[in-house]
Amino acid sequence: MIPYDFFNNTRMKEFSDKNSKAKLNVTSIIESLPDPYLILSTDFRVITASEVFLQRIKRTGSEVIGKSVHEIYKLTDFGSHATASLQHSLEKVKDTNMPDCFCIIKDNGSNHIGEGTKSVNAYWDIMNIPVNDNEGNLLYICLKVQDITERVKQKLKIKETKRKELLALAKAQHQRDSMEKFLMQLPAGICILQGADLEYEFVNPTYQQQLFPGKDIVGKPLFEAVPEVKDTEIANILHHVYQTGETVEGKEMYIPLAPFEGSPLRDHYFNFIQQARRNENGDIDGIMTFAYEITELVVARKTVEQSESQLTRLNEQLALTNEELIASNKALLTAKIELETINNELENRVALRTAELENARAEADMQRKRMIHFFHQAPAAICILDGPELTFELVNPSYQKLFPGKPLLGKPVFIAIPEIIGTPIADILKNVFDTGETFYGKEIQLQLSPYDDGILKTFYFNFIYQARLNTAGAIDGIMVFANDVTDLVLSKKITESSFKRFEKLSNSLPQMVWTATPDGNLNYFNEQWHQFSGLDFNESVGIAWTTMIHPGDLPNLIEKWNQSLATGAPYEIEARVKSADDQYFWFLIRAICLLGEDDLISQWFGTCTNIEEQKDSERKFKKLNNDLEAANQKITIRNREIQFSNEELLSLNNELIRINSDLDNFIYTASHDLKTPISNIEGLVKALDKHLSNDNRANPMVNKLINMIDLSIVRFKNTLLDLAEIVKVQRIADEDKGEVNLLSLIEDIRSDLHQQILDAGASIRIDLNECHNIHFSKKNIRSILYNLISNAIKYRAPSRVLELDISCNTTPAYHIFKIQDNGLGMDSKKHNAIFGMFKRLHSHVEGSGVGLYIVKKIVDSSGGKIEVNSQVGKGSTFTVYLKR
C-alpha cells in the first residue's frame, strides 16, 4: 500500500540498499495498526491508508489513494465544522512542522468511524504528525483517528456517580443528625451497650437523669457501672439477647437501682425492649435498649387495686348493716304497734309491755352499738352529721385519718372544716338536709387542710351523702360514706398523660404511626396517616385501611399480618400505599406486640416508613451497575486492544530507536571521516593555486572558481561541525552541572563576539536580578546564550541601531531568561518552524540553521521550555525556562 518513494529523501536513504527489510517492517506495521491512519502529502492528498481505516469507511485503496483528505472525510459525515478544524490543523502542521491534535464532538448524528453507526454523541481525537527528511523539510503528514467516545462517557458517568454519592452521603449525614437529635429528646430512656462486656456506648439524657443522676456510666461495662443488676433477671435477658440475637420485650419488670454511688436501692418498674445490634458483617456487636419507667403507674395501680378491694368489702359490710338496720327498724315499729294495742286493750299488762319495751330498746341499743363498732372498723371514711348545724356526731378512724391534725367530734362541720365554706360541697350538704335527696359523688376534687395550719392539699373522693330520719320520719342529720380515690385518679391522669405524650411523640415522627387491638383491628392513627391518606378516623379504623393498599400487595400483606397476630412475631413487610391524590408510594410497614400481665397480647404498635426514594435509588443503582458492568466489559476489551497496540508500538519504537542510533552513529562517523578528505581537498586546491601560471591567474573565471571552491570547503567544514554538534546535543544529559556566574559568562560571550558587536554598533543591556549564580551545565547555558545573542546580531535591522536586552528572573520552578531585540522579526505563523534542523527564515546572512535547533534540544533535555514572540519589522523576544 505504501509506495517505494515514501522512503526516498528520508533519514533512511543511506540504508535503503542494505536495510530494505526495515522498510517492509514499517509498511507491515502501518497497514496492521488497530486504529485508522492516513499518510498525506504536503498538499493534503492521500498517499496510503491503514487497512482499519479502509475497512471502517468501507472503501478500497484504489478509491482513496490520490484523493484530497477532505473528499475522504465527506464519507465520514463529520460535518462542515469538523472539515474546517481538519483544514486548520493540517495547515498548522505544515506551517510549524510540529504535531497537532484536536477533538471533534459529534452531537446526535451517525458516525461511520467506529464500531457501526450510533445515534449518540461521539468524541474523536484527530492527530496530525509531520514526517520530515534529514534536512527538516516536511515530506508527509501522518493522520490518526481515535474514537474516545466510551472513555469520555465513562468519565462523565463516574463524575455523575461521585456526585450522587456525595448527595447520598450528605442526606445520610442529615438523617443521622436528625435521628441523634430525636433520640436525645425522647422522654423514654435509650442506651446502647457494645461488646461482650456490654459497655455503655451511648445514653440519652432521659436515661441518665432519671435513673443515674449521680453516676458516670458512659464508657464503663454495665455490671461495673450498675453492679446491683448483676444477679437479676435483666442480666440473664441481656446475655440471652447478645448470644442469640432475639429481641426481648419486658413489661413491668422490677429492677432495684441505686441512683448515686453508695446510695440505697430504689424500686423501679420498666417496660423495655432489648434488641441486638449488628455490624456491617451481620455479627452481633452490641444491644440497643429502649426503656420506659412506669414505677409510679405500677405503684398507683397496685394502690388502686388495694383500695378497690377494700371498698368492695366495705360496701358488702355496709349492705349487711343496712339490712340489719332496716330489720331493726321494722322490729321496732312492730313492737311499738303491739305496745300501743296492748296499752289500749290491757291496762293490767303495763308492766309486761314495759318489760318488752325495755327489751326492744336494749336490742336496738345493741344493734346501734354493733353498727357503731362496724363503722369504726370499716376501711371507708364514715361520719354522721347531726342537726341543722351538721355537728359531727360520729367519726370513724378512717374518716379521722383524713384530718390527723383536727379534732372533729362534737363540732359543726363548717367550724371543723372551714375550707369547704363557699364550695359546692356546702350547697350539696344543705340540699341533702333540706330535701332528703341522696347525693352520689364520683372522683370529686376537694381542697382540704388535714391540719390547722391552713395548708390545703388536693384529694379525690367517691362518696354518698344520705339523709338520716328520726323516728318521726323527719330529717335530723346526714350520713356520709366516703372513699379516698386520690391515688386512683392520679394514676388515671398519669395514664392519660402518657397517652397524650405518646400521641404528641407519634405526631412528631416523620413516619405514620398506628396501634391495633390483639385481634388486629386498628384503633389509632397519627396525623401523618390522615394527611397522607386523606381519610379520617372512622374511614380508617378496624380493617377499612386495607382499601389504601395496592391490590397486588394486599394478599401477601394480609397473610403475614394474620401470621403475626397468631404467633406474636414482629411484623415487617414492604407494600405500596395509596396517597390522598391516588398515587402509590412504597412503604416499609413494621409492628410489634405488647404483652399484658398474663403474657397475652394486649396491643400492637406499628409504623409505616416511606421508602420510595430508597426504591428509586435501588432501581437507579441496579441500572447503573448494569451500565458499569457493560462499560467494564468494553473497557476490558479495549484494554486488550490497547495492550496489543502498545506492544506493537513498543516494537516499532525500539526499531526507530535503533534506526536513530544508527543514524546518529552514521552522522558522527560521517562528520569525523569526512574531515580528512575535506582537508586534503583544501590542500590540493592551495597546491593548485600555487602552480597556476600567471596567464591562468589573470583569467577572472579561474579566480572566481577557486574562490567558490574555497567557500564551498568552508561551508562543508561548518556543516560537519554542526552535525557533530547536533549528535553531541542529542547525547547530552545533566553532566558537569555546577554553579555558573552568569555575568562572567555573558562577558565571556561578549568578548568572543566583540568584533560583530562593534560592526553592528549594538547596545546591550543586562539585568540579572536574582540570577547572578545558577546551578546548571556551564557549556550548555553558554551554548544557549551564545546562539541567541549571535542570532540577534545576525538578523538585526539595517535601518536602525541594534538594541539587545538580556534579563533573568527566578520563580520557585524556573530560571527565566529573556533575550529581546529590535531586529528584523518574523511571521508569527513560522515561530515554531525556526527550531527545526537546518531551518532558516532569512538567506541574506551566513548560517547553517542549526543554532536554534541546538538551543531547543538543550532546553527540552533539561526539562525546560522555550517560547518566541516576534513581529515582522519590530523585533523578537526569546523566553527560556530552565528548571531549577
Side-chain angles (χ1 to χ4, degrees), residues 307 310-311 313-315 317-322 324-325 328-329 332 361-441 444-472 474-486:
S307 297
Q310 292 176 350
L311 181 61
R313 290 195 300 271
L314 176 62
N315 287 335
Q317 292 175 0
L318 285 174
L320 292 174
T321 302
N322 283 335
E324 291 177 356
L325 286 173
S328 296
N329 287 335
L332 288 172
R361 287 179 177 177
E363 181 68 21
D365 186 58
M366 185 179 65
Q367 293 290 343
R368 183 175 178 276
K369 288 180 180 180
R370 288 175 61 191
M371 183 183 69
I372 292 173
H373 179 71
F374 168 74
F375 283 170
H376 279 76
Q377 290 183 339
I382 301 173
C383 73
I384 296 176
L385 304 175
D386 183 58
E389 294 183 353
L390 302 178
T391 301
F392 281 104
E393 178 183 336
L394 182 144
V395 177
N396 77 339
S398 296
Y399 194 96
Q400 185 64 58
K401 283 182 182 179
L402 297 175
F403 303 95
K406 289 183 177 182
L408 302 177
L409 199 62
K411 292 184 178 182
V413 67
F414 297 115
I415 294 176
I417 312 175
E419 56 265 29
I420 66 174
I421 299 175
T423 67
I425 292 297
D427 296 332
I428 294 171
L429 287 170
K430 186 176 182 303
N431 184 66
V432 172
F433 189 86
D434 292 341
T435 65
E437 294 180 1
T438 302
F439 179 82
Y440 297 90
I444 301 299
Q445 179 180 345
L446 296 178
Q447 298 290 327
L448 302 176
S449 177
Y451 298 89
D452 284 332
D453 53 10
I455 299 176
L456 299 178
K457 291 181 63 177
T458 301
F459 294 88
Y460 293 89
F461 292 96
N462 290 340
F463 60 82
I464 301 172
Y465 289 166
Q466 182 175 340
R468 185 186 67 175
L469 303 177
N470 60 20
T471 56
I475 299 173
D476 67 353
I478 296 175
M479 293 184 293
V480 178
F481 302 89
N483 188 23
D484 185 357
V485 292
T486 303

(request) Could you walk me through whether Arg468 and Asp386 pass side chain to side chain contact (heavy atoms under 4.5 Å, CB included), step by step? (result) CA-CA 9 Å; Arg468 185 186 67 175; Asp386 183 58; 2.6 Å; yes
Strictly distance-based, threshold 3.5 Å: is any side-chain N or O of [X] a donor or acceptor partner for the main-chain N or O of [Y]?
{"X": "Ser449", "Y": "Ile455", "answer": "yes"}
{"X": "Thr486", "Y": "Tyr460", "answer": "yes"}
{"X": "Gln400", "Y": "Lys406", "answer": "yes"}

Point-to-point distance, once rounded to the nearest 0.5 Å, from [atom1] of [X] to [atom2] of [Y]:
{"X": "Ile425", "Y": "Gln447", "atom1": "CD1", "atom2": "CD", "value": "12.0 Å"}
{"X": "Thr435", "Y": "Lys430", "atom1": "OG1", "atom2": "NZ", "value": "9.5 Å"}
{"X": "Gln445", "Y": "Thr423", "atom1": "CD", "atom2": "OG1", "value": "11.5 Å"}
{"X": "Leu409", "Y": "Thr391", "atom1": "CG", "atom2": "OG1", "value": "10.0 Å"}
{"X": "Asp434", "Y": "Leu429", "atom1": "CG", "atom2": "CG", "value": "10.5 Å"}
{"X": "Ile428", "Y": "Ile444", "atom1": "CD1", "atom2": "CD1", "value": "6.5 Å"}

Work out which heavy atom in [X] is nearest to a heavy atom in [Y]; give both atom names and the distance.
{"X": "Ala467", "Y": "Gly436", "answer": "CB-CA, 3.8 Å"}
{"X": "Phe459", "Y": "Pro450", "answer": "CZ-CG, 4.2 Å"}
{"X": "Pro407", "Y": "Gly405", "answer": "CD-O, 4.2 Å"}
{"X": "Ile417", "Y": "Ile420", "answer": "O-CG1, 3.2 Å"}

(message) Are Phe433 and Tyr465 an aromatic pair, judged by ring center distance below 6.0 Å?
(response)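 So the answer is no for these two rings.
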(message) Tell me if the CD atom of Glu419 is crowded by more than 12 foreign heavy atoms within 6.0 Å.
(response)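 Yes.
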(request) Take Ile478 and Phe439 through the test side chain to side chain contact (heavy atoms under 4.5 Å, CB included) and record every step on the way to the result. (result) CA-CA 11 Å; Ile478 296 175; Phe439 179 82; over 6 Å; no
(request) For the residue pair Ile475 and Leu469, establish whether any side-chain heavy-atom pair is separated by less than 4.5 Å. (result)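 Yes, their side chains come closer than 4.5 Å.
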(request) May I ask you to test the Phe481-Ile382 pair for a side-chain heavy-atom distance under 4.5 Å? (result)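 Yes, at least one pair of side-chain atoms sits under 4.5 Å.
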(request) Evaluate side chain to side chain contact (heavy atoms under 4.5 Å, CB included) for Phe461 paired with Asp484, printing each intermediate quantity in order. (result) CA-CA 5 Å; Phe461 292 96; Asp484 185 357; 4.0 Å; yes
(request) List the steps, then state whether side chain to side chain contact (heavy atoms under 4.5 Å, CB included) holds for Val432 with Glu437. (result) CA-CA 5 Å; Val432 172; Glu437 294 180 1; 5.8 Å; no
